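Below, read A as the first sequence line, B as the second, and so on, with proteins coming before strands; counting in each chain starts at 1. Here the structure is a predicted model, which means the values were calculated and not measured.
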Amino acid sequence: MSMLNLNLPTLASSLVKSGATTTATTTAQQCYVHPVVLFSILDHYLRRNENQERVIGTLMGVRSDDGRVVEIRSCFAVPHFETSDQVEVYVEHHQSMLALHKKASAREEIVGWYSTGSKLSKYAALIQDFYSREAAPFGAVHLLMDTDMTDGQLGVKCMQGSAIGAGAHPENCLFLPLPHELQYPDAELSALQTAADSVETEEGASVLVSDMEQLEKSIEELRAMLERVTTYVQDVCTGKSKANTVIGKYLMDMLAVVPKVDTKQFSTLFQSHLQDILMVAYLTNLTRAQLNIADRLQRIV
Amino acid sequence: MAGTTKQSKPMTALLNEQSELSAFDASAIPKQLRSVLDVEKVSTLTLVKVDPLAILKIVKHARESYPTSVNGQLLGLEVDGVLEVTNAFAVPTQPGSEEDMTNYQIEMIQCLREVNVDSSSVGWYQSTRLGDFMQQPLLDVQASYQISPNNSSVVLIHDTSKSEQAGNLSLRAFRLSQVYQDLAKNGKFTTKELADKGLTYGNILEELPIQVETSALSKVLLSELQWPTNAEQELLESLQRPSSFNSKLRAKRMADRSAISDDTESSDALDNNLSGLLPTRPTAYLSRPMCTNALDLSQSLNGSGSLSRQLEAISELIDDHIHDANQWMYWKRGEAKENNRRQQFVQRKATSNAARVARGEQPEPELSEKELDRMFKTLPEPSRLDALLNTANLNLLTKGVTQSRGPALTKMFMAQALQGSE
């Protein structure tokens, strides 16, 4: 009698018995990716050897205690060799990089692996099995980045494997999609902003600008956004475009966030703060001038 | 506080000992990279080009260990006066011993070499907290980098809190100036030497301009991050999720630390979008502007933030500065007194000699300079280097504060305009 063995993601945990090992896999339900991982994968892909079509590597990150939420924080490349009938992953390289990585950031652990290409390779199941054993007791997450650019975009897909088939062999693996989200901590956001400016320039290079100039750019963008919103609202009012209640409610919420401060109170706050700023600026300029003078006097003496 | 790193032997020397030399085909190297082959050439750096990958790694490493400062290595290549930084890796903060540190770096570079990452070290990076990074250890490490492997090594300084608050990436590239290197060789930093060579607090380090260069695929990735193709659908979904504005702001703060938290619902923390409208192309638009922190009023108004810390640091440095100046004056007065006594002694000798000659006796032999020196010992001048570093730090801090006041002022007036329009 044959049976179908399916692991559904809604189960909290399930046991998969294979011939050799027993692994308990807790399925993840949400996954967050840091931008550095994506750039790292791209860089590895660009530097691959001549005869390689795809590259693989290990994903490092943290998981929540019950394994439901995975955060992928960094990654490193693992050389591998793939022909039509066999695949070879350089495990020693993987182990040594893992050891080095652990020294630098002790909190991160293996959460999965990545590969490039538009579809899963033939050997994805085997590699998934290897990484599942590494990431035990949690299942391994697989991130696929579409560098062939089907659909004209670099699609990033996260998935995790679950066993399928009559007996759970390592070669039988069903990759179930996992909802993923990109997470941008503030500091990286400013770095990405600077990098994004380089997309528009011709030579592909952008210069680091001062704070004032960055503020100017942000203000310009904000003005453009406000103009778009006001045009939309006016169009809706005159009936030119259809009203969308979701957007309307959102705009109302947003406008309500602006704090209402009594005018007199605001002007006192404003004045006092203005004086603080000017005073600090004056004092620091005074200090700089004094340093300059002291330095020159020294040289005369 | 100083990020201390200790480098023993230069890295590439150790690497070269371990790798084998094999013959290679020189014609396989493209023309623009030919100049790299010439190892004897000494070229002066004019520009530093950094890959976004290296920047993101630096930023991530600095952010995770904030507020302790961290450092790591930069990898890349120098071509015709332009230093290209293509990758970077972190160095553990408690290496245990110097050898461990060197071994770690060597292993790391070897592992990376296997996946075709540039394996030549072009410098190092350090994160700073308030912006006062001018410390002795930094200069020493940079000096060891610039002596070997080659002269084109830079140190990248990244300020995490400034990047977050100002919404503008704070990354600066520095090299030691020739003036400082000459003086450091002798190890004497007296006032006279400083004046002769013209070393001031401003030119210990020379700054290099930085450019961010992205590869074509990276450009695609960045465009995708900014303008996702199914943006409209995604946006409407995100607007409909049961979360008010405040919870969004709260969730955004959470995103800075980690997504691993108890409630995984407030996860759409990234939508800074104020407009639900997407204009049609081809006019350029941003459906999701990358970073709006520059407009964040609350952080600039908050005096009890980095501004007060910077001011405290400034006042401490001013105290040190005055202390240094007093020390030097004390020494100078001591020296002047000794010289005075010496002069008097010589004069007394001369007059007594003249008297003896007048009386017809033999004059006493004059004392030579050496014997005079032995009689009137003066302490050597204390090194002015610490005071110089102190002044440099002070300069950096004050400049930073002044520069941050401009945007703060602008934002204040924006708030006033917003208020006035109510």
Side-chain angles (χ1 to χ4, degrees), chain A residues 30 32 36 38-40 42-43 47 62 64 69 71 77 79 93 96-97 100 103-104 153-154 183-196 198-199 204-208 211-212 214-215 218 221 225 228-229 232 246-247 250 253-254 257 266 270 277 281 284 287-288 291 295 299, chain B residues 52-53 55-57 59-60 63 90 92 107-108 111 114-116 160 163-164 166-169 195 200 210-214 217-224 229 236 239-240 245 255-256 259-260 264 270 274-277 289-291 294-295 391 395 398 401-402 405-409 416 419:
Chain A
Q30 172 72 296
Y32 294 99
V36 67
L38 300 175
F39 279 90
S40 207
L42 268 186
D43 184 68
R47 289 174 188 275
V62 296
S64 66
V69 184
E71 190 180 328
H93 185 269
S96 44
M97 274 296 266
L100 289 174
K103 279 194 219 164
Q153 56 168 333
L154 278 173
Q183 186 183 41
Y184 308 90
D186 274 345
E188 263 101 325
L189 211 51
S190 49
L192 285 175
Q193 174 80 61
T194 319
S198 73
V199 173
S206 64
V207 191
L208 290 175
D211 290 351
M212 228 15 200
Q214 184 64 32
L215 182 65
S218 304
E221 283 167 18
M225 284 194 272
R228 287 206 294 273
V229 177
Y232 173 72
V246 172
I247 296 182
Y250 189 86
D253 274 345
M254 176 198 74
V257 170
F266 182 82
F270 183 80
I277 291 184
T284 45
T287 319
R288 281 180 65 200
L291 288 179
D295 186 61
R299 277 187 270 160
Chain B
L53 175 63
I55 297 183
L56 283 175
K57 280 197 169 174
V59 168
K60 169 180 175 282
R63 178 180 50 85
E107 270 192 59
M108 195 58 146
C111 279
E114 286 182 36
V115 283
N116 299 335
T160 316
S163 297
E164 289 190 3
N168 185 26
L169 177 67
T200 69
I210 295 185
Q211 270 186 13
V212 175
E213 197 167 20
T214 48
L217 270 182
S218 304
K219 284 204 195 98
V220 174
L221 181 62
L222 282 166
S223 316
E224 257 186 48
T229 42
L236 282 178
L239 292 183
Q240 273 173 336
F245 230 93
D256 291 340
I260 311 295
T264 47
L270 316 159
L274 297 177
S275 153
L277 187 64
M290 273 288 183
C291 178
L295 298 169
T391 324
N395 188 39
T398 48
V401 172
T402 323
R405 293 306 90 199
L409 207 57
Q416 188 185 45
Q419 196 68 15

Need one label for A:S40: side chain, backbone, both or neither, based on atoms under 4.5 Å from any heavy atom in chain B. both
Of the listed residues (A:L38, A:L208, A:T287), which shares the most heavy-atom pairs with chain B below a 4.5 Å separation? A:L208
In terms of heavy-atom proximity below 4.5 Å to chain B, should A:F266 be classed as side chain, backbone, both, or neither? side chain
Under the 3.5 angstrom rule, does the side chain of B:T398 hit a backbone N or O of A:R288 as a donor-acceptor pair? no
Give, as side chain, backbone, both or neither, the part of B:I55 having an atom under 4.5 angstrom from any heavy atom of chain A. side chain
Do the non-hydrogen side-chain atoms of B:K60 and B:K57 ever get within less than 4.5 Å of each other? no
4.5 Å side-chain heavy-atom contact, A:V36 and B:V59: no
Nearest 0.5 Å, what's the CG-CG distance between B:L217 and B:L222? 11.0 Å
Taking all non-hydrogen atoms of both residues, which atom of A:H93 and which atom of A:A77 are closest, and how far apart? CE1-O, 3.2 Å
Ranked by heavy-atom pairs below 4.5 Å to chain B, first place among A:L291, A:V207, A:D43 goes to A:L291
Output the option from B:T200, B:V401, B:T391 having the highest count of non-hydrogen pairs under 4.5 Å with chain A. B:T200
Segment of A:L42 engaging chain B (4.5 angstrom heavy-atom cut-off): side chain
Between the CD atom in A:Q30 and the CD atom in A:E71, the distance rounded to the nearest 0.5 Å is 11.0 Å
